[in-house]
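Scroll down for the structure; my scribbles are underneath it.
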Amino acid sequence: MVADLAPVYRYDQRGTGQSSWRGRHSFARHVEDLAELLDAWEVPEAVLIGHSYGTNLASRFCLRHADRVVAMLLMCGPFIGDWRTGDRAERGRRMSAAQQERLRELEELPHRTEEQEVELLTLAWFTDHSDPERGWRWAAQGALRRRPVNWSMNAELGLEGRADPLDDHLAELRASLPVRAELLGGVDDPRPVSALESLALRLAVPLTRIEGAGHEPWLEQPDVVRGHLRRFVQGAVGK
């Protein structure tokens, strides 16, 4: 969407995709991984665009390396406060009783077959989308393609995030933000958009709400997301 405006770098975080890793995960290690990659790419400053967990990573990177962030767009996160209660309630509303029961059964299995893992991920992910029918198709495709899920990484970073929540660093983050910093979220994300609204107020940054889109808004509203990303990057790089 923006590759003609500036060089675009994407990478597999340690323990995901083609980046193998069996050690302990921490926010500090992931932050320094990004700093080392920027050094390897010979990029002293960057426009950071993070999605979901990537918004948490980008925020913590900004806390540690504010001098290297010229602009930052946080898409569908980070979520602050007690957002999980609303998320669980909305996901429950979007699922049938049978789907909820089946998801619990799969989560409780000590070991899962490949078929069971795909089924679990499809059930867990389809509620991320505004349109349940298309959401089921996208989730099923993702469950086959975005594998394997690093459950250990999720657990370790989740534990650290609860022990040291980003909520406790918002004043410092606000002081560290680049001049150009924005939030973007799908109105139909099961994670409550009210949490992003609260964050926008705390950080004093604009929030763009995308109607008819959930947690992966580029799937449901690609033209809207493309336009927003292009405007943001053009403003950041002066094109």
Side-chain angles (χ1 to χ4, degrees), residues 2 6-17 19 21 23-84 87 150 152-185 189 191-208 215 228-229 232-233 235-237:
V2 296
V8 176
Y9 299 89
R10 295 184 66 203
Y11 68 100
D12 293 340
Q13 293 154 10
R14 63 174 57 229
T16 68
S19 294
W21 174 253
R24 190 177 71 86
H25 289 271
S26 69
F27 289 125
R29 181 63 267 172
H30 280 228
V31 164
E32 292 314 306
D33 282 348
L34 178 52
E36 291 173 13
L37 283 168
L38 291 177
D39 290 341
W41 294 326
E42 299 182 345
V43 177
E45 298 177 326
V47 176
L48 293 187
I49 301 176
H51 169 256
S52 197
Y53 163 67
T55 65
N56 201 309
L57 174 57
S59 297
R60 291 177 186 267
F61 183 90
C62 190
L63 286 169
R64 179 70 178 83
H65 300 283
D67 59 317
R68 305 195 69 169
V69 185
V70 295
M72 187 164 69
L73 176 63
L74 303 177
M75 186 185 305
C76 304
F79 291 89
I80 64 170
D82 182 23
W83 61 270
R84 290 181 176 82
D87 178 53
N150 191 327
S152 296
M153 171 181 161
N154 286 1
E156 290 168 9
L157 293 179
L159 184 64
E160 184 179 354
R162 289 187 290 276
D164 181 25
L166 190 62
D167 306 47
D168 293 347
H169 302 278
L170 294 183
E172 183 185 356
L173 178 59
R174 177 173 176 170
S176 303
L177 287 175
V179 172
R180 182 174 291 272
E182 297 184 20
L183 298 173
L184 181 151
D189 193 334
R191 302 156 188 80
V193 72
S194 59
L196 292 183
E197 292 169 346
S198 177
L199 179 64
L201 289 174
R202 296 277 296 275
L203 296 181
V205 300
L207 165 65
T208 298
H215 194 60
H228 188 84
L229 288 179
F232 184 82
V233 172
V237 302

- line: Between Ser26 and Leu157, the two heavy atoms sitting closest are C-CD2, 3.6 Å
message: Could you check whether any side-chain heavy atom of Arg180 comes within less than 4.5 Å of a side-chain heavy atom of Val70, counting everything from C-beta outward?
response: no
field: Val47 and Leu73, any side-chain heavy atoms less than 4.5 Å apart
entry: no
- prompt: Does a side-chain heavy-atom distance below 4.5 Å link Leu183 with Thr208?
  reply: no
task: Measure the CG-CG distance between Leu207 and Leu201 for me, rounded to the nearest 0.5 Å.
output: 9.0 Å
Value rounded to 0.5 Å, distance of CH2 in Trp83 from CG in Leu199: 13.0 Å
field: Closest contact, heavy atoms only, Asp164 versus Arg60
entry: O-NH2, 2.9 Å
Residue pair Ile80 / Leu166, side-chain heavy-atom distance below 4.5 Å: no
query: To the nearest 0.5 Å, what is the distance between OG (Ser59) and CZ (Arg64)?
result: 16.0 Å
- request: Side-chain contact test, heavy atoms from C-beta onward, threshold under 4.5 Å: evaluate it for Leu34 versus Arg68 and give yes or no.
  value: no
field: Under 3.5 Å: donor-acceptor pair, side chain of Glu160, backbone of Phe27
entry: yes
query: How long is the span from the CZ atom in Phe79 to the CZ atom in Arg191, to the nearest 0.5 Å?
result: 6.0 Å
- request: Report the C-alpha separation of Val31 and His65 in whole Å, then their side-chain angles, then the decisive distance to 0.1 Å, and conclude whether the side-chain contact (heavy atoms from CB on, under 4.5 Å) test is met.
  value: CA-CA 9 Å; Val31 164; His65 300 283; 3.9 Å; yes
Check: Met75 and Leu229 side chains under 4.5 Å, non-hydrogen atoms: yes
Distance in Å, Phe232 CZ paired with Ile49 CD1, rounded so as to fall on 0.5 Å steps: 6.5 Å
- line: Exactly one candidate in Val205, Leu177, Thr55 meets side-chain contact (heavy atoms from CB on, under 4.5 Å) with Met72; the answer is Leu177
task: Flag the pair Leu57 / Leu48 as yes when at least one side-chain heavy-atom distance between them is below 4.5 Å, and no otherwise.
output: no
- prompt: If you take all heavy atoms of Pro165 and Arg162, which pair is closest and at what distance?
  reply: CD-O, 3.7 Å
query: When the ring planes of Trp41 and Tyr9 are compared, do they come out parallel, tilted or perpendicular, using 30° and 60° as the limits?
result: parallel
- request: Supply the atom-to-atom distance Asp12 CG to Arg10 CZ, rounded to the nearest 0.5 angstrom.
  value: 8.5 Å
query: Which atoms form the tightest heavy-atom contact between Leu196 and Gly185, and what is the distance?
result: CD1-CA, 3.8 Å
- request: Report yes or no: does His25 contribute a side-chain atom to a donor-acceptor pair with the main-chain N or O of His30 at less than 3.5 Å?
  value: no
- prompt: Are any of the side-chain heavy atoms of Cys62 and Pro178 separated by less than 4.5 Å?
  reply: yes
query: Any idea which heavy atoms bring Asp167 and Leu170 closest together, and the distance?
result: O-CG, 3.5 Å
query: Do you know which two heavy atoms are closest between Ser176 and Leu63, and how far apart they sit?
result: OG-CD2, 4.2 Å
field: Set of residues satisfying salt bridge (Lys or Arg N to Asp or Glu O under 4.0 Å) with respect to Asp33, sequence neighbours excluded
entry: Arg14, Arg29
